[in-house]
Chemist: 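Next up is a structure, given as structure tokens.
All figures in this text were calculated on a predicted structure; none of them were measured in a lab.
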Amino acid sequence: MHYTPLPRDPKTPPVRINLLSDTQTRPTPAMREAMARAEVGDEQIGDDPSVNLLCERVADLLGKEAAVFMPSGTMCNVAATLVHCRPGDEILAHETAHIIAREGGAHAALGGFQITPLKGADGQFSPETFRKALHPPTRYQPPQTVVSVEQTANIGGGTIWNKAALDEVVKIAKTHGLATHMDGARLLNACVATGIAARDMAAGWDSAWIDFSKGLGAPIGGVIAGSREFIDEVWHWKQRLGGSMRQAGICAAACTYALDHHVDRLAEDHANARALARGLSQINGIEVQEPETNLVFFKPDGSGVTGEKMVKGLRKCGVLLATMDGRIRACTHLDVTAAMIEETVGLVREIVRGA
């Protein structure tokens, strides 16, 4: 994921409030204890009990036949497209999707795939936009083999794909012979916010995955699920890409702990995001996108403070966030408290007042 970095200054105070991303979370003491107690084996040959347990849990959670533990969400996406597609095939996704703009061109470099960007507000394309992008099989155009959605839509503001829209996209895809892939990096945020079960949200999607190193607070890993045949093929690519591990149960135990203890608490992150948005919107000249989950995008330009100046000013106060695609993005997570949100709003107000 791209952030506009700030120059390092040895005089800059340590970070006290980290709103950069939910990837910044640290394992809790209880999670570390679970990792220390984990039973381990050789994950590469399927002999790590903690990894196997995690994969069984996620397959059941997403309503799929099987699942595989991956080092990262990027590898989940890349392995999925490498299984679903052949070189020269076309993937359809929103123009801001991770697979287009945030994964180093891996899908083109490793698979030779063409990704067609679809437009739409808030990081989502409509079923009708998807339908209009489809074309009959012809020797002059690449075979269209996959449609991908991102739940939640990161650059769209952490927005939640409506279940009816997801179902309609699946229906259109199946009618035209396309596979369906869900980048579910923050899928459980969407589930907690809507009350829709993960298996229902992922119903009809041939492949889906969840990230454990974001709001769930684990230090590493994602798990991708699908049919047994699909997961067998994902394993081939996991091996080829260097993602097969050894005693990975230490990491898998953190993920299982997160499933048991960190899912329901995502609602706290959503509440903190709403509080942050509410406080910022009360400052004259700051434009805020109303959050649906744990991401808050805002522009302070109307207050006379540029985004870059605001980010630098907050950093001098020990608050870390960044600009992304022309806006400031703040991300709430388990290391961010309600008191920190209140303090951040107060600091923003002071920076605007001093402009």
Chemist: His261 versus Thr28: any side-chain heavy-atom pair under 4.5 Å?
Modeler: no
Chemist: Considering all heavy atoms of both residues, which atom of Thr25 and which atom of Ser213 are nearest to each other, and what is their separation?
Modeler: OG1-O, 4.3 Å
Chemist: Does the side chain to side chain contact (heavy atoms under 4.5 Å, CB included) test come out yes or no for His98 and Thr74, once each step is laid out?
Modeler: CA-CA 8 Å; His98 278 97; Thr74 294; over 6 Å; no
Chemist: By the rule that ILVMFWY residues connect when side-chain heavy atoms come within less than 4.5 angstrom, directly or transitively, which residues belong alongside Ile231?
Modeler: Val68, Met70, Met75, Val78, Leu82, Val83, Ile91, Ile99, Ile100, Leu110, Phe113, Ile115, Val146, Trp209, Ile224, Phe230, Val234, Trp235, Trp237, Leu241
Chemist: Is the shortest heavy-atom distance from the side chain of Arg315 to the side chain of Val15 under 4.5 Å?
Modeler: yes
Chemist: Between Arg199 and Asp60, does any NZ, NE, NH1 or NH2 come within less than 4.0 Å of an OD or OE carboxylate oxygen?
Modeler: yes
Chemist: Is there side-chain contact between Pro49 and Leu53, with at least one heavy-atom pair below 4.5 Å?
Modeler: no
Chemist: Tell me every residue that passes ring pair (Phe, Tyr, Trp, His ring centres under 6.0 Å) with His236, counting only those two or more places apart in sequence or in another chain.
Modeler: none
Chemist: Please determine whether side chain to side chain contact (heavy atoms under 4.5 Å, CB included) holds for the pair Met340 and Leu276, giving the CA-CA distance in whole Å, both sets of side-chain angles, and the decisive distance to 0.1 Å.
Modeler: CA-CA 10 Å; Met340 290 176 179; Leu276 177 60; over 6 Å; no
Chemist: Taking only residues two or more places apart in sequence or in another chain, which ones pass side chain to side chain donor-acceptor pair (under 3.5 Å) with Thr96?
Modeler: His94
Chemist: Give a yes or no on this: more than 12 heavy atoms of other residues, nucleotides or ligands lie within 6.0 Å of atom NZ of Lys316.
Modeler: no
Chemist: Name all residues meeting the ring pair (Phe, Tyr, Trp, His ring centres under 6.0 Å) criterion together with His270; count only those two or more places apart in sequence or in a different chain, and write none if there are none.
Modeler: none
Chemist: Do Val336 and Gln24 touch side chain to side chain, with heavy atoms closer than 4.5 Å?
Modeler: no
Chemist: Taking Glu43 first and then Lys238, would you say they form a salt bridge - that is, a charged N and a carboxylate O separated by under 4.0 Å?
Modeler: yes
Chemist: At what distance, to the nearest 0.5 angstrom, does SG of Cys317 lie from NZ of Lys312?
Modeler: 14.5 Å
Chemist: Under the side chain to side chain contact (heavy atoms under 4.5 Å, CB included) criterion, do Leu314 and Leu19 qualify, and how do the steps go?
Modeler: CA-CA 11 Å; Leu314 288 170; Leu19 294 167; over 6 Å; no
Chemist: Please find the pair of heavy atoms, one from Phe212 and one from Gly222, that lie closest to each other, and give the distance.
Modeler: CD1-CA, 4.3 Å
Chemist: Got a list of side-chain donor-acceptor pairs under 3.5 Å for residues 295-304, not counting sequence neighbours?
Modeler:
unit_1, atom_1, unit_2, atom_2, d
Ser303, OG, Pro300, O, 2.5

Chemist: Find out whether Asn294 and Leu266 are in side-chain contact, i.e. whether some heavy atom of one side chain is under 4.5 Å from a heavy atom of the other.
Modeler: no
Chemist: If hydrophobic clusters are built from ILVMFWY residues whose side chains come within less than 4.5 Å, do Leu280 and Ile17 share one?
Modeler: yes
Chemist: Looking at Ser50 and Ala253, would you say the former's side chain and the latter's main chain have a donor-acceptor pair under 3.5 Å?
Modeler: no
Chemist: Report yes if the side chains of Val263 and Leu216 come closer than 4.5 Å at any heavy-atom pair, otherwise no.
Modeler: yes
Chemist: For atom CD of Glu229, decide whether the heavy atoms of other residues, nucleotides or ligands shown that lie under 6.0 angstrom number more than 12.
Modeler: no
Chemist: Main chain of Ile351, side chain of Lys309: is a donor-acceptor contact present, judged purely on distance under 3.5 Å?
Modeler: no
Chemist: Over all heavy atoms of both residues, which pair between Pro219 and Ala254 is shortest? Give the atoms and the distance, please.
Modeler: CD-CB, 3.7 Å
Chemist: Please check: side-chain N/O of Glu103 versus main-chain N/O of His107, any donor-acceptor pairing under 3.5 Å?
Modeler: no
Chemist: Using every non-hydrogen atom in the two residues, find where Pro142 and Gly88 come nearest and quote the distance to one decimal.
Modeler: CB-O, 3.0 Å
Chemist: Is it the case that one hydrophobic cluster holds both Leu187 and Ile220, taking links as side-chain heavy atoms less than 4.5 Å apart, direct or via other members?
Modeler: no
Chemist: Any side chain to side chain donor-acceptor pair (under 3.5 Å) pairs touching residues 113-124, not counting sequence neighbours?
Modeler: Glu90-Thr116, Glu95-Lys119, Gln124-Thr159
Chemist: Show me the donor-acceptor pairs within less than 3.5 Å that the side chains of residues 175-185 make with the rest of the protein, sequence neighbours left out.
Modeler:
unit_1, atom_1, unit_2, atom_2, d
Thr175, OG1, Lys171, O, 2.8
His176, ND1, Ile172, O, 3.0
Thr180, OG1, Gly204, O, 2.9
Thr180, OG1, Asp206, N, 2.9
Thr180, OG1, Asp206, OD2, 3.3
His181, ND1, Ser207, OG, 2.7
His181, NE2, Asn77, OD1, 2.8
Asp183, OD1, Ala185, N, 3.2
Asp183, OD2, Asn77, ND2, 3.0

Chemist: For the CZ atom of Arg186 and the OG1 atom of Thr152, what is their distance to the nearest 0.5 Å?
Modeler: 5.5 Å
Chemist: Got a second to check how far Cys255's SG is from Asp211's CG, nearest 0.5 Å?
Modeler: 9.0 Å
Chemist: Please report the C-alpha distance between Val223 and Arg57 in whole Å, then the side-chain angles of each, then the deciding distance to 0.1 Å, and finally whether the side chain to side chain contact (heavy atoms under 4.5 Å, CB included) criterion is met.
Modeler: CA-CA 10 Å; Val223 177; Arg57 290 279 302 272; over 6 Å; no
Chemist: Nearest 0.5 Å please: distance from the CD1 atom of Ile328 over to the CD1 atom of Ile286.
Modeler: 8.0 Å
Chemist: Side-chain heavy atoms nearer than 4.5 Å, only ILVMFWY residues, links allowed to pass through others: does that put Leu54 and Ile250 together?
Modeler: no
Chemist: Distance check, rounded to the nearest 0.5 Å: Ile196 atom CD1 versus Asn162 atom CG?
Modeler: 7.5 Å
Chemist: For a 4.5 angstrom cut-off between non-hydrogen side-chain atoms, does Gln239 reach Gln44?
Modeler: yes
Chemist: What's the separation between atom CD1 in Ile160 and atom SG in Cys191, rounded to the nearest 0.5 Å?
Modeler: 9.0 Å
Chemist: Might you point out which heavy atoms bring Met31 and Ala258 nearest each other, and give the distance in Å?
Modeler: CE-CB, 4.1 Å
Chemist: Can you pull the side chain to side chain donor-acceptor pair (under 3.5 Å) pairs that have at least one residue in residues 332-355, sequence neighbours excluded?
Modeler: Arg16-Glu343
Chemist: For Arg265, give me all partners under side chain to side chain donor-acceptor pair (under 3.5 Å), at least two apart in sequence or on another chain.
Modeler: Asp269
Chemist: If hydrophobic clusters are built by linking Ile, Leu, Val, Met, Phe, Trp and Tyr wherever their side-chain heavy atoms come under 4.5 Å apart, do Leu61 and Leu166 end up in the same one?
Modeler: yes
Chemist: Indicate if Leu347 and Val345 have the same hydrophobic cluster label, given that clusters are the connected sets of ILVMFWY residues with side-chain heavy-atom separations under 4.5 angstrom.
Modeler: yes
Chemist: Test of understanding: with ring pair (Phe, Tyr, Trp, His ring centres under 6.0 Å), list the residues that count as partners of Trp161, not counting sequence neighbours.
Modeler: Phe125
Chemist: Can you see which heavy atom on Thr145 is nearest to which on Cys85, and at what distance?
Modeler: OG1-SG, 3.3 Å
Chemist: Quick one: are Asp89 and Pro143 in side-chain contact, heavy atoms under 4.5 Å?
Modeler: yes
Chemist: Taking only residues two or more places apart in sequence, or in another chain, which ones meet Glu287 in a side chain to side chain donor-acceptor pair (under 3.5 Å)?
Modeler: none
Chemist: Enumerate, atom names and distances included, each donor-acceptor pair closer than 3.5 Å involving a side-chain atom of residues 32-40, sequence neighbours excluded.
Modeler:
unit_1, atom_1, unit_2, atom_2, d
Arg32, NE, Pro27, O, 3.4
Glu33, OE2, Arg37, NH1, 3.1

